Amino acid sequence: AAVNVNAVDYYVVGNLIGWSKLDATNKLTKNTGNTEQDEYMINITLSNGEQVKIVSSSDGTNIDTWYPDGMDNHYTVSADGNYVIYFRPNNDGNDDWHYKYFIVMPDTPSALGEVAAEARAVKVIENGQMFIEHNGIRFNITGAAVK
């Protein structure tokens, strides 16, 4: 089989994971839910104090590029837990993303998933934030119930 020479994979690396450890458990996958930007994601368990970056590799062995590049600009995890990391190699993340490359978010079950697809929900924008209301319960954009 022919190898695609332009293929690039992205991995999470860190002080506890290993700064040069490239394996399938730390590999990001394409976020097919985002059709606007080139975006990748991973569900991963991280520990308090873990320092992480994203790296690219075209051969699965050697690191080609660090995101962000340079020393002492890693992201430091503040609590043990399960996380979702979203990564945009084109540096087009929002201002709250780490150097506009990636964002580390707690992976919490969403109460919004319990809302039946055929049920009616209402989108509300209040003070610049979007909420979804269903059966008198207000959810934020991540699906967490809002008091």
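For the single chain, residues carry numbers from 1 onward in sequence order. Just so it is clear, the values below take in all heavy atoms, side chains as well, and ignore hydrogens, waters and symmetry mates. Since the structure is predicted, the reported quantities are computational estimates derived from the model, not experimental observations.
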Before giving the answer on side chain to side chain contact (heavy atoms under 4.5 Å, CB included), spell out for Leu46 and Ile17 the whole-Å C-alpha distance, their side-chain angles and the decisive distance to 0.1 Å.
CA-CA 9 Å; Leu46 299 171; Ile17 296 171; 4.2 Å; yes
Between [Y] and [X], is there a side-chain heavy-atom distance shorter than 4.5 Å?
X      : Y      : answer
Ile103 : His98  : no
Val12  : Ile85  : yes
Leu22  : Val13  : yes
His74  : Trp19  : yes
Ser57  : Ile63  : no
Met71  : Asn73  : no
Tyr75  : Phe102 : yes
Met41  : Val84  : yes

Stepwise side chain to side chain contact (heavy atoms under 4.5 Å, CB included) check, Tyr10 with Phe87
CA-CA 9 Å; Tyr10 299 100; Phe87 166 69; 3.3 Å; yes
What I want to check is whether the side chains of Asn31 and Asn34 have a donor and an acceptor closer together than 3.5 Å.
no
State, without any angle test, whether Asp64 and Ser58 hold a side-chain donor-acceptor pair at a distance under 3.5 Å.
yes
Would you call Arg88-Asp38 a salt bridge at under 4.0 Å N-O?
no
I need the [X] [atom1] to [Y] [atom2] distance, nearest 0.5 Å.
X     : Y      : atom1 : atom2 : answer
Lys27 : Ile44  : NZ    : CD1   : 14.0 Å
Thr29 : Asn43  : OG1   : CG    : 8.0 Å
Tyr11 : Asp23  : OH    : CG    : 8.0 Å
Leu28 : Glu39  : CG    : CD    : 10.0 Å
Asp9  : Tyr40  : CG    : OH    : 8.5 Å
Tyr86 : Met105 : OH    : CE    : 6.5 Å

Partner of Tyr83 under side chain to side chain contact (heavy atoms under 4.5 Å, CB included), picked from Thr45, Val52, Val77, is Val77
Connected via hydrophobic side-chain network under 4.5 Å: Tyr99 and Val55:
no
Aromatic ring pairing Tyr67/Tyr101, orientation class (parallel under 30°, perpendicular over 60°, tilted between)
perpendicular
Between the side chain of Lys53 and the main-chain N/O of Pro68, is any donor-acceptor distance below 3.5 Å?
yes
Note: Leu16 and Glu50 closest approach over all heavy atoms is CB-OE2, 3.2 Å
